[in-house]
2 protein chains.
Amino acid sequence: MGACQRGRELSIRHVPYRYRDVMTDKRSQRAADRTEAIMRTTLELGQEIGYAKLSIEAVAARAGAGKHTIYRRWPSKGALLLDSLLSLNEAGLDYPDTGDIVADLRVQIHAAVDLLARPPFGPLFQALIGEAQHEPQVAAALNERFIAPQADKTVARLRAARDQGQLSPQFDLELAMAILSGPLYFQLLITQEPLTHEYVDRILDALFTGIGPTQAY
Amino acid sequence: MGACQRGRELSIRHVPYRYRDVMTDKRSQRAADRTEAIMRTTLELGQEIGYAKLSIEAVAARAGAGKHTIYRRWPSKGALLLDSLLSLNEAGLDYPDTGDIVADLRVQIHAAVDLLARPPFGPLFQALIGEAQHEPQVAAALNERFIAPQADKTVARLRAARDQGQLSPQFDLELAMAILSGPLYFQLLITQEPLTHEYVDRILDALFTGIGPTQAY
DNA sequence: ATATCAGTACGGCACGTGCCGTGTCGAAAT
DNA sequence: ATTTCGACACGGCACGTGCCGTACTGATAT
């Protein structure tokens, strides 16, 4: 604990300033390669033995890296795993706007569910959310870099539908997003029953039968 | 170390522990007292230093108990904390049926939120849900002994309302429970914004404006 | 010459497990 | 009725293990 307490913005990773934007010089390139190798190894090992048994020592050993190299960049196991998971998704997912709000939400949420609740990365995501419950820094980074962007896209799609008159002008976009997402995380984290596309569809059907454009809500 | 190594018979001192003894004889009563003292200490220490820093060694030390006594009864820190938290709520909470489904749900959910998201026990509950993400046994126990009973009460109240004609006969009770509960856990575990009564009310208003008795859903 | 690296060693902490001697109990023997 | 005994859980202690996070080394690359 307590490595690098200096507030470095919202980023969890400790990237020296000179590595920030300039990927052109060879030194930065080397560092980036090592960083990527470490993250790849983290995902490998994590899938093999699970988050609980995953240790930084083991990652360093398999990656052929020194522990110091890892601690230089990440303050905790959670931060390392978060970066590793997000490195696969840096571009983010793009979602359609076909004009059919329910169909588009379905595509969007199905994709999120596949990423979050299915192998190979679902179990690691789930464990990371667990870790966030007693590591505020991990919680903040997870929110900012994964949850919020995903939520923003959902809200944006809902807003477009409202602007097109498919939803009531009083429709509360943020609340609707929470009502759509909540049951999925409830199923994933609390009841821990399988989170299927069919379940997503049932929720969408239930909600949009009741909150269609003709409803006051 | 090797003081008394002579002539010890090979008797097995530690016979497998039978978990639930009959509480009639004094021996069992003493054991129950010890158990309660350990759980009380667990909650004390947990509130002071948080779940992450809570160690079984520290609990044993403060409770004046041996580590063995703890390991004899609980397989993990999570199991110990779960028992400790639930020991306060053994009776469970009773909820009203005034005939007004929305008002009754509000009372019910407000009480659950107060327990789950407010000091003194909210943070510990939250950490325990986190632990459940990488300890399946904790997850199962948490579900069986806290989540499911709470959900059952919500479903029961919804069923009564449906039987009284306040909800459509096609109303899916389980799904509605998940849609009611989900956003709360989403707020608690994912966005980690404050979980207020006002937020609960907004969700209830939003949902029951849309899913009243005249709706097909 | 400078900086980063892998490798290694270290102190610290909590884990989970042995064994010790003690105290309390109920049952059997005296 | 008193004593003796075995069964059992207990607090305490020490052990070996595993991982933590840090510090130092010499090699390597620019």
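Computed over heavy atoms, backbone and side chain alike; hydrogens, waters and symmetry mates excluded. Naming convention: chains lettered A, B, ... in sequence-line order (proteins, then strands); numbering from 1 in each chain.
When the side-chain hydrogen bond (donor to acceptor under 3.5 Å, both in side chains) test is applied to B:N143, no partner is found at least two apart in sequence or on another chain. Residues passing the side-chain hydrogen bond (donor to acceptor under 3.5 Å, both in side chains) test with A:S84, sequence neighbours excluded: none. Contacts of B:H197 classified as ring pair (Phe, Tyr, Trp, His ring centres under 6.0 Å), with partners at least two apart in sequence or in another chain: B:H110. For A:Y51, the ring pair (Phe, Tyr, Trp, His ring centres under 6.0 Å) partners are B:H134, not counting sequence neighbours. Applying the ring pair (Phe, Tyr, Trp, His ring centres under 6.0 Å) rule to B:F121 yields no partners; only residues at least two apart in sequence or on another chain are considered. A:F146 is linked by a ring pair (Phe, Tyr, Trp, His ring centres under 6.0 Å) to A:F125, counting only residues two or more places apart in sequence or in another chain.
Two end axes, each from the C1' atoms of five base pairs, can be drawn for the helix from C:dA1-D:dT30 to C:dT30-D:dA1; they diverge by 10°, to 10 degrees.
DNA chain C lies under 4.0 Å from no heavy atom of any residue of residues 41-49 of chain B.
Residue-to-nucleotide contacts include no donor-acceptor pair under 3.5 Å from the side chain of A:K67 to the base of C:dG7.
Evaluation of the salt bridge (charged side-chain N to carboxylate O under 4.0 Å, His left out) test over residues 192-203 of chain A, restricted to residues two or more places apart or in two chains, returns A:R106-A:D201, A:R202-B:D172. Judged as a salt bridge (charged side-chain N to carboxylate O under 4.0 Å, His left out), not a single pair has a partner in residues 110-136 of chain A (not counting sequence neighbours). Residue pairs meeting the salt bridge (charged side-chain N to carboxylate O under 4.0 Å, His left out) criterion with at least one member in residues 56-70 of chain A, sequence neighbours excluded, are A:E44-A:R62, A:E48-A:R62, A:E57-A:K67.
Contact check, A:R72 against C:dC5: a side-chain N or O comes under 4.0 Å of OP1 or OP2. Residue B:T69 places at least one side-chain N or O closer than 4.0 Å to OP1 or OP2 of D:dG11.
The distance between atom CH2 of B:W74 and atom C1' of C:dC15, rounded to the nearest whole Å, is 18 Å. Atom-to-atom, NE2 of A:H68 to P of C:dA3 comes out at 14 Å; the value is rounded to the nearest Å. The interatomic distance linking B:I38 (CD1) with D:dA9 (P) rounds to 14 Å, in whole Å. Atoms CZ (B:R62) and P (D:dG11) sit 16 Å apart, rounded to a whole Å. Atom OH in A:Y71 sits about 17 Å away from atom P in C:dT8, given to the nearest Å.
Here the side chain of A:R162 pairs a donor or acceptor atom with the backbone of A:F171 at under 3.5 angstrom.
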Using a cut-off of under 3.5 Å, enumerate the N/O to N/O pairs linking the protein to nucleotides 11-14 of chain C.
none

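With rounding to the nearest 0.5 Å, the separation of CG in B:L188 from CG in B:L184 is 8.5 Å.
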